[in-house]
Amino acid sequence: MNAQAETIAVTPTQNEESNESLLQIRGLKKRFSLSGDFLEQLRFKGGKLVRHQEYVHAINGVNLDIKRGEALCVVGESGCGKSTVARTVMGLISPSEGEIRYDGQRIDNLSSKQLLPYRKRMQMIFQNPYASLNPRMTIQQTLEEPLRLHHPDWSRQQILDKVEEVMRSVGIDPDWGKRFGHEFSGGQRQRIAIARALAVDPEFIVADEPISALDVSIQAQVLNLLMDAQRDRNLTYLFITHDLAVVEHFGTRVAVMYLGTVCEVATTATLFAKPRHPYTQALLSAIPRLEDDRPQHIRLTGEVPTPVNLPSGCVFHGRCPYANARCKQEIPALKTQDDGTRVACHAVEEGRL
Ligand SMILES: Nc1ncnc2c1ncn2[C@@H]1O[C@H](COP(=O)(O)OP(=O)(O)OP(=O)(O)O)[C@@H](O)[C@H]1O
Ligand code: SF4
Ligand SMILES: [Mg+2]
């Protein structure tokens with residue numbers, strides 16, 4: 001058994017972070033088949049018919065806790081598995097392996113009916129506000145829909161009052177309720193999508209790159225709206241972004257992902273002041289800074305691996321300046337450091353870094 005697999009066996013009650021965690025992700029893996037259906041998988045090899053299956057290992061043993069009231073930002077380059085984590089947590093796709101617990105209850109194996117109460121408590125905001133609003137529905141209908149689903153006992157007036165309240169809270173004039181999504185700008189549409197998520201008074205929000213499709217000029221406004229909502233409604237966020245400036249502004253803690261695994265989890269201040277994992281160091285060194293006390297831009301060499309043929313051992317070893325023989329064989333486990341930062345790196349564990 002490799003080191004990463006050992007951490008998977010840790011039960012939530014044994015985990016040091018578990019007491020205050022709203023969400024616990026343990027040993028989460030998701031692979032997507034690239035080989036089509038059964039017939040498409042059959043190939044002739046050496047005169048014999050064999051079944052050939054190929055997978056994308058989108059996430060590969062993710063362990064993560066999200067504490068009540070925090071905004072946990074997940075960062076990492078395109079294709080590292082951020083959206084797959086988000087979609088698995090929300091039950092939009094089922095994991096290949098692993099467990100997800102919400103408020104102590106396992107949710108990854110529930111039926112849609114069993115998941116319904118959690119769908120009210122957990123809401124998602126997507127990247128593209130053009131795709132996430134139904135073009136055939138007015139804004140009023142868009143916002144009424146989740147309320148009707150989750151509050152079948154509510155009167156018409158209760159629903160109208162709630163829609164009005166939530167529209168005001170995101171800065172959309174309630175008189176615009178009869179309009180359709182296409183009549184609004186990208187920023188306004190994202191406000192409406194946020195209103196839809198907030199309408200059912202959730203406690204946990206998964207936001208997958210919620211501002212990256214918006215004009216730069218309005219990104220800050222929408223980010224502020226999300227931060228105000230967190231403060232006013234006591235929300236917990238899983239916030240996915242590739243923008244480190246957003247992380248610094250928004251995040252309580254940060255999880256850095258690389259090729260389907262979490263390599264470092266730290267408070268935002270600690271991560272920016274003292275990045276430990278070689279990949280985090282390279283990522284942060286790319287931010288232009290006025291002050292001169294940061295390491296110079298670390299240029300990563302080596303081929304960027306694909307999640308189809310995952311490297312053995314540490315998935316970063318082909319690009320890491322500190323890689324040694326152990327790194328090529330053994331998957332590093334996330335280990336907690338003195339200050340609570342968690343790092344998955346043999347060089348950090350061995351004191352070489
Ligand atoms: N439905 C799918 N079928 C096949 N492969 C998929 C599927 N969804 C995701 N993948 C692959 O899984 C890997 C992780 O994808 P994911 O969308 O989670 O990355 P990401 O970190 O969100 O990237 P980005 O920053 O570009 O949004 C990628 O290699 C992607 O191509
Ligand atoms: S485990 Fe080895 S290859 Fe991976 S980041 Fe650490 S030093 Fe580099
Ligand atoms: Mg994504």
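One is the number of the first residue; the rest follow in order along the sequence. Each ligand, and each atom within it, is numbered from 1 in the order the structure gives.
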salt_bridge(Arg276, Glu349) N-O dist < 4.0 Å:
no
Please write down residue, atom name and distance for the protein heavy atom closest to atom 4 (Fe) of ligand 2.
Cys314 SG, 2.3 Å
Report all N/O contacts between ligand 1 and the protein shorter than 3.5 Å as a table of atom names and distances to 0.1 Å; if there are none, say 'none'.
from: ligand 1; atom 1: 18 (O); to: Ser83; atom 2: N; distance (Å): 3.4
from: ligand 1; atom 1: 18 (O); to: Thr84; atom 2: N; distance (Å): 2.9
from: ligand 1; atom 1: 18 (O); to: Thr84; atom 2: OG1; distance (Å): 2.5
from: ligand 1; atom 1: 19 (O); to: Gly81; atom 2: N; distance (Å): 3.3
from: ligand 1; atom 1: 21 (O); to: Cys80; atom 2: N; distance (Å): 3.3
from: ligand 1; atom 1: 21 (O); to: Gly81; atom 2: N; distance (Å): 3.0
from: ligand 1; atom 1: 21 (O); to: Lys82; atom 2: N; distance (Å): 2.9
from: ligand 1; atom 1: 21 (O); to: Lys82; atom 2: NZ; distance (Å): 2.9
from: ligand 1; atom 1: 22 (O); to: Ser83; atom 2: N; distance (Å): 2.9
from: ligand 1; atom 1: 22 (O); to: Ser83; atom 2: OG; distance (Å): 2.8
from: ligand 1; atom 1: 23 (O); to: Gly79; atom 2: N; distance (Å): 2.7
from: ligand 1; atom 1: 25 (O); to: Lys82; atom 2: NZ; distance (Å): 2.8
from: ligand 1; atom 1: 26 (O); to: Ser78; atom 2: OG; distance (Å): 2.5

Using 0.5 Å steps for rounding, measure from the CD1 atom of Ile125 to the CD1 atom of Ile194.
5.0 Å
Which word best sums up how the rings of His182 and Phe180 line up, parallel for under 30°, tilted for 30 to 60°, or perpendicular for over 60°?
parallel
Atoms of ligand 2 under 4.0 Å from any heavy atom of His277, numbered from 1 in the order shown, are 5 (S)
Using a 4.0 Å heavy-atom threshold (strictly under), name the region of Cys345 that reaches ligand 2: side chain, backbone, both or neither.
both
Salt bridge or not between Lys67 and Asp65? Use side-chain N to carboxylate O under 4.0 Å.
no
Counting from 1 in the order shown, the ligand 2 atoms closer than 4.0 Å to a non-hydrogen atom of Ala323 are 3 (S)
Check this for me, if you would: do Glu203 and Arg121 make a salt bridge, where the nitrogen-to-carboxylate-oxygen distance has to be below 4.0 angstrom?
yes
Of all the atoms in ligand 2, which lie at a distance below 4.0 Å from a heavy atom belonging to Tyr322?
7 (S)
Looking at atom 1 (S) of ligand 2, what's its closest protein heavy atom, distance included?
His346 N, 3.2 Å
Salt-bridge contact Arg319-Glu77 (side-chain N to carboxylate O under 4.0 Å):
yes
Main-chain N/O of Thr142 paired with Arg196 side-chain donor or acceptor, under 3.5 Å:
yes
The Mg ion (ligand 3) to nearest N/O/S of Ser83 below 2.8 Å
yes
Once you measure the plane-to-plane angle for Tyr279 and His277, does it fall in the parallel (<30°), tilted (30-60°) or perpendicular (>60°) bin?
perpendicular
Assess Cys320: does it contribute an N, O or S atom lying under 2.8 Å from atom 6 (Fe) of ligand 2?
no
Within reach of ligand 2, part of Arg326 (heavy-atom separation under 4.0 Å)
neither
Number the atoms of ligand 2 from 1 as they appear, then name those within less than 4.0 Å of a heavy atom of Pro278, with their elements.
5 (S)
Run the salt-bridge test on Glu165 and Arg168 with the 4.0 Å N-O cut-off and return the result as yes or no.
no
Any sub-3.5 Å donor-acceptor pair from Glu99's side-chain atoms to Arg26's backbone N or O?
no
Charged N-O contact under 4.0 Å between Asp201 and Lys162:
yes
Output the list of atoms in ligand 2 that are nearer than 4.0 Å to some heavy atom of Cys327, sorted by atom number.
1 (S), 2 (Fe), 3 (S), 7 (S)
